[in-house]
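Since we're looking at a predicted model, the values are computed, not measured. Atoms within each ligand, like the ligands themselves, are counted from 1 in listed order.
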Amino acid sequence: MFVPSNAVTPVGREIFRVLLSFDDVVVLPSPSPFEPERVSTKTKFSSNVTLSVPFAASPMDTVVDSEVAKLVACMGGIGVIHRAMSAERQLREVLEVQSAAPEDVPHVDPEMTLTEAYEKLVEHGKDALPVLREGVVLGIVLVMPKLVGAAKVTSRSIYEVFDELRREKKSSAIFELDNHLLIVELYHSHVTPTCENGSLTCAAAVSPFDHGRIQMLDGKAPVLVCDLAHFCSEEAVRAIRALGALSSDLVVGNVATYEEMEYVITHLEELSGVRVGMGSGSICSTSIVTGVGVPTLQAVIDVARALRDYGVNVPVIADGGIRTPGDALKALAAGAHCVMCGRMLAGCIETPAPVIEREGKLYKLYRGMGSLTARLSGVTDRYNYVTKLIAEGVEALVPLRGSVFRVMHEFIKGLRLGMWYAGARDIDELHRKCRLACLTPRGASELSPHDVVIIPPERVAKALSGA
Ligand code: XMP
């Protein structure tokens, strides 16, 4: 890696500092003196809001509405309702989430037979449904095209399959029916939906400058999340101070460096969490347009250090650039408590965005909240109040990738596995014990599939069946 060591500006300040991004590092494996099923992903999103899994859906108008927020909450994460709408409508969206119990979202009961579970999947047009019992997610059933042969679906109940999996210390069983595979996954450690008083809950995005909206949402959503690209300004801090005490938790952000966090800590008495990152989102062009930004991994490392140095113990939310459960693990290992995702969920069928066909493939529209179309039609003060016409984000397409349940499941399973490999029983242990190491470019290419031609699983299934 090229690391110039002596570059200085005319005023003698260091110019070059190596900033690490997700692809520059790996988490080193460590002894795991516990079973993989024992891994706990329980964490905090803000001082008073606990999550069963460390995933938050980003407040973007092509990612989260009340529908998506309910599904994310059911799977133990939290959705942040965006603010590109009137305050009244945003409040209605929040209340809509809170009017639902976990059982109100599509799910299967453990008493159902495998055939009934399959019918329920078909009825809801979903590729995955959680198995719910007394407000707890015991596991998930998934359906996919038949790639291999498996045991035929029988009249056994999901409960019976779970019992067998528990006895055999396995976590999944595969069955076939109707040219499909039905996969039953047991969560040895249950996922608890994110609830308040028995109802699902969510967060709401706010601008520090919009006191009317904040007052309307305060006490309604358990946590309000500042939605500014650059929180660290005199105006934003002053606007927050002028608010006085709030009933809801307040997550500030975004901040991205040690010095910014230091500024916020020394100017604000109260904060219940911090949203960290600048310019790393998949749809961001802030760094291209303005030349300013910090890769999210580095931002987390630096902000977490500032919080530690000042003895401020609030959750850190890594925001932007999370593509895989592996990126999430790296962000958590670097000091985050939770990751905020746009792109991860943007391809889900349930997002409030249209499906677009392109060259025979299906995509979902996904746009930055600073993209030209978003700024012209919605939020204007996220970036700056000088002009609303300097776009800091792009309009884009992401491949359609199934349901929110499926994507959340993939991230939960991937993260739990990564934590086990890293020898961390929980996120606190990940923070205390886990070792991140830098890769050389050669190491990075060795640690991903290489020197092969990758083909889709369907091709393999076809080739092996002789078709
Ligand atoms: P991912 O990588 O998950 O990132 O798609 C989502 C995060 O990106 C931020 N965001 C933006 N940043 N211009 C930016 O510079 C934009 O138009 C924009 N829209 C969203 C935001 O922090 C989000 O959570």
| Hey, are Arg367 and Asp61 close enough for a salt bridge, meaning a charged N less than 4.0 Å from a carboxylate O? | yes
| Is the closest basic N to carboxylate O distance between Glu234 and Arg241 below 4.0 Å? | no
| query | Do Tyr187 and His409 make the cut of ring centroids closer than 6.0 angstrom? | reply | yes
May I ask whether [X] places a heavy atom under 4.0 Å from ligand 1?
X: Met60; result: yes
X: Arg275; result: yes
X: Cys341; result: yes

Write down the atom of [X], the atom of [Y], and the distance for their closest heavy-atom approach.
X: Val289; Y: Ala391; value: CG2-O, 3.5 Å
X: Leu436; Y: Val25; value: CD2-CG2, 4.0 Å
X: Cys74; Y: Val137; value: O-CG2, 3.3 Å

| said: Is it true that Ser46 and Asp249 share a donor-acceptor pair across their side chains at a distance under 3.5 Å? | reply: yes
Can you sort out which atoms of ligand 1 are near [X], meaning under 4.0 Å from one of its heavy atoms?
X: Glu392; result: 13 (N), 14 (C), 15 (O), 16 (C), 17 (O)
X: Gly281; result: 1 (P), 2 (O), 4 (O), 8 (O)
X: Arg343; result: 1 (P), 3 (O), 5 (O)
X: Gly393; result: 13 (N), 16 (C), 17 (O)
X: Ser282; result: 1 (P), 2 (O), 4 (O), 5 (O)
X: Thr286; result: 14 (C), 15 (O)
X: Ser58; result: 23 (C), 24 (O)
X: Ile283; result: 8 (O), 10 (N), 11 (C), 18 (C), 19 (N), 20 (C)

| Check: Gln90 and Met85 side chains under 4.5 Å, non-hydrogen atoms | yes
Please determine if [X] has a nitrogen or oxygen closer than 3.5 Å to a nitrogen or oxygen of ligand 1.
X: Ser285; value: no
X: Ser280; value: no
X: Gly321; value: yes
X: Met369; value: yes

| Which one holds for Ser371 and ligand 1: side chain close, backbone close, both close, or neither close, with close meaning a heavy atom under 4.0 Å? | backbone
| said: Does anything in residues 194-206 form a side chain to side chain donor-acceptor pair (under 3.5 Å)? List the pairs, not counting sequence neighbours. | reply: Gln98-Thr201
| message | Is it the case that over 12 heavy atoms from other parts of the model lie below 6.0 angstrom from the CD atom of Glu446? | response | no
| Where the closest heavy atom to atom 9 (C) of ligand 1 is concerned, which of Gly253, Ser287, Cys284, Ala396 has it? | Cys284
| field | From Val303, Thr266, Val276, residue fulfilling side chain to side chain contact (heavy atoms under 4.5 Å, CB included) relative to Met261 | value | Val303
